[in-house]
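Here the structure is a predicted model, which is why all the values come from computation and not from measurement. Order of the sequence lines sets the chain letters (A, B, ...), proteins ahead of strands, with each chain counted from 1.
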2 protein chains.
Amino acid sequence: MSSKKPTIKDVARLAGVSFKTVSRVVNNEAWVSDDIKTRVQAVIAQLNYQPNRTARLMRTAPFSLAFVYDNPNSHYVIEMQNGILSQCRQKGFELVIHPTDSHSGQVLQELTTIIGSNQVGGVILTPPLSENRELVQQLLAQQAKVVRIVSGSAPPDDLCPTIYVDDEQAGFNITRHLLTLGHRRIAFLGYHKDHQSSLGRYRGYCAALHEAGLTVSEQLVLAGDFTFDSGVAMTEQLLQRGDKPTALFGCNDEIAAGALFTARMHQLAVPQDLSIVGFENSPFSRQTWPRLTTVHQPNAEIAAKAAALLISLMLENEAQTEHCGFELQLVLRDSVSIL
Amino acid sequence: MSSKKPTIKDVARLAGVSFKTVSRVVNNEAWVSDDIKTRVQAVIAQLNYQPNRTARLMRTAPFSLAFVYDNPNSHYVIEMQNGILSQCRQKGFELVIHPTDSHSGQVLQELTTIIGSNQVGGVILTPPLSENRELVQQLLAQQAKVVRIVSGSAPPDDLCPTIYVDDEQAGFNITRHLLTLGHRRIAFLGYHKDHQSSLGRYRGYCAALHEAGLTVSEQLVLAGDFTFDSGVAMTEQLLQRGDKPTALFGCNDEIAAGALFTARMHQLAVPQDLSIVGFENSPFSRQTWPRLTTVHQPNAEIAAKAAALLISLMLENEAQTEHCGFELQLVLRDSVSIL
DNA sequence: AAAATTTATGTCAACGTTGTCATGTGTTTA
DNA sequence: TAAACACATGACAACGTTGACATAAATTTT
């Protein structure tokens, strides 16, 4: 085959027209005679010409967006990514992936590079990055288009379009569910002071207990992160003490799975001896035994909405700040018993 | 703040030098006096200048690569993606994500666009796309740089650098492991005629049985795909027949998890009443109860190697065809009993 | 001290597109 | 039948960068 990729000029030469005319055909502009149009299209097909997107990018707005996240191993990420991707494909955008370490202190630098170098037209930020108000402001100061996904009953401010997910309400609902079934000693696994989702779920947990006239026992609130191993560790800790809880609220499904595993280790039957609920409705939550009662978090939808907002932000140039809230639904399965 | 992003010329004007000199500073070229260098760097910092990568791209080779995959919901993908990403960051490359539907018939068209439009310098192909020889050839014909990840004891041909993963050997090993423990009726779940990994594992399974002087019973080979639900369905089918197997070889961990679930539904204790093995060593395979005996498939490493090969292909211009094979190791856990 | 060489900087074209404007053609309007 | 207008095409600059080459100053060699 030929050595170089054909350019718009090669097409023009072969079709016997100016390269501008080819450009018109490629971009479906008006004022091109059908005659020439078909002739040019024939040459395009013949040469298998593909417009050079990079060159085009020098004259037009970027058509790529970046997905920035921190916790690369979670389902969360892949589901979000799929949601974003669905929007991207629909609207002809490209997706560039950017994991970061939010503790590295280089995040601002990295994001500045991504944005400043013009390769992407905007970024989607997820927690904990999205909850760093200062960071968002600094990105915005660089004319970046930003959409963030955060935990909350409402967007924290009007800096930029924001998708907010009501963890508190869901935490309330699932705790109340346990209370309704007669549980009184309910442990909360996965409290994390720097983690808004955790805090939101915790607030909901507390509110539900209060509503039932109960107080929150410090003994029953365990700090940890959102992993299976952490779930194992917290549950171990809990089961070694006297006065065991009758139900566990795992801050996410992985913690709950760790709890399930540990309960089994201790010969406790779930849900007969111990009820366990999770949060997120990740794929494996219906593959455990028993299947986990949990809260459905529509990650793909959430992220798709974020992508849709970002894309419209990139397309229309007005700095709109449309927000969008998500309520989370309980998913009742088999890991909870009536007390 | 200012309205436009600063360009190299803005920096030059403020520093009182030619824009070419700024370019030299930015790219760390030789023959720049320290005096001017520091002056220019100061202005760069002051303006927060970021080189426009798009413009740079018009003169240099692409610094992005595409990851093309088909099955968006598997762990497989996220692990591979992480592996690729680690290489990308190390070498300063960007990653663009491209899920496709290999059955859509548009794959070639899509990939042609990606490659032809010059936004990426190469693609990493995974099964089943990577196993479509014709597709690979057509991409190669367009001067695309391609690295593929396939199943096999050796690369199928020398079209392009290839990472091959020895499913057959691993399938042999894990089957022999079951045989060594005394199992004779071993079912194979997840046979799929269009799926090279499945076929490789199946060949290994057959070879191990033959080595032990056994014949492959058609009754015990169930066709299905690599999902939990498929695992459930196949196991159901198996358990409804008389003459049950003593062990199940799930073609991947999801199938094995489905089998585990179904066994529990049927009041069968694993591994006492039924042994189950999986394949892939996905995160949840050590979170099930009992923990799954499986084969470790180092997806991140495999993909990282693929990315490394692709990047070196993009950097040095010679059309090398270096290959790389991976052997898979058994991971012995708790889902298998001695018979 | 002239010539050659090294070092430091600048000028300008090119990359492949799209946007602006100019220049044609016909075809309608006055 | 001239003027106005729609339509169709082309010339050329611009986007922000890098590479090839030119030039000037400083240093070394003859």
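For B/Lys9, whose side chain is taken as the heavy atoms from C-beta onward, the closest listed nucleotide among C/dT11, D/dC15, D/dT17 is D/dT17. Comparing C/dT9, D/dG16, D/dT18 by their nearest atom to the side chain of B/Asn27 picks out D/dT18. Here the side chain of B/Ala55 is nearest to one of D/dT17, C/dT9, D/dC12, namely D/dT17. Closest to the side chain of B/Ser33, from the set C/dT9, C/dA13, C/dT18, is C/dT9. Of the candidates C/dC12, C/dT18, D/dG16, C/dT18 carries the atom nearest the A/Thr60 side chain, counting heavy atoms from C-beta on. Which of C/dT9, D/dG16, C/dG16 sits closest to the side chain of A/Thr7 comes down to C/dG16. Comparing D/dT17, D/dA11, C/dT17 against the side chain of A/Ser18 picks out D/dA11 as the nearest. Closest contact between the side chain of B/Trp31 and the listed nucleotides C/dT17, C/dT9, D/dT17 involves C/dT9. You'll find that the side chain of B/Met58 is closest to C/dC15, out of C/dT18, D/dG10, C/dC15.
We find that CZ of B/Phe19 is positioned 10 Å from P of C/dC12, with the value rounded to whole Å. Atom P of nucleotide C/dT17 and atom CD1 of A/Ile8 are separated by 5 Å, given to the nearest angstrom. If you measure from atom CG of B/Asn28 to atom P of D/dT17, you get 16 Å, rounded to the nearest angstrom. Between B/Asp10 atom CG and D/dT17 atom C1' the separation is 13 Å, expressed in whole Å. For the pair B/Glu29 CD and C/dA8 P, the interatomic distance rounds to 13 Å; values are reported in whole Å. Atom C1' of nucleotide C/dG19 and atom CZ of A/Arg56 are separated by 14 Å, given to the nearest angstrom. The OH atom of B/Tyr49 sits 7 Å away from the C1' atom of D/dG16 (whole-angstrom rounding). Straight-line distance from the CG atom of B/Asn52 to the P atom of C/dC15: 19 Å, rounded to whole Å.
In this model, a side-chain donor or acceptor of A/Arg59 finds a partner on the base of C/dT18 within 3.5 Å. A donor N or O paired with an acceptor N or O is not found under 3.5 Å between the base of D/dA8 and the side-chain atoms of A/Arg24.
Contact annotation for A/Leu57: no contact, since no heavy-atom pair falls under 4.0 Å across all strands. Among the heavy atoms of the strands, none lies under 4.0 Å from B/Asn118. Counting non-hydrogen atoms under 4.0 angstrom, B/Val32 reaches the backbone sugars and phosphates but no base.
The existence of a salt bridge linking A/Arg39 and A/Asp34 is excluded, since no basic side-chain nitrogen approaches an acidic carboxylate oxygen closer than 4.0 Å.
For the pair B/Leu65/B/Cys88, a side-chain contact is recorded, criterion being any heavy-atom separation below 4.5 Å from C-beta on. Looking at A/Tyr76 and A/Gln81, their side chains never come closer than 4.5 Å, going by heavy atoms from C-beta outward. At least one side-chain heavy atom of A/Pro99 sits under 4.5 Å from a side-chain heavy atom of A/Ile97. In this structure, B/Val96 and A/Leu95 have side chains that are not in contact, with every pair of non-hydrogen atoms separated by 4.5 Å or more.
How far CD1 of A/Ile163 is from OG1 of A/Thr126: 12.5 Å, rounded to the nearest 0.5 Å.
In this model, the phosphate group of D/dG10 is approached by a side-chain N or O of A/Thr21 to a distance below 4.0 Å at OP1 or OP2.
In this structure, A/Arg53 and B/Gly16 both approach DNA chain C, and ranking their closest nucleotides by distance from the 5' end singles out B/Gly16.
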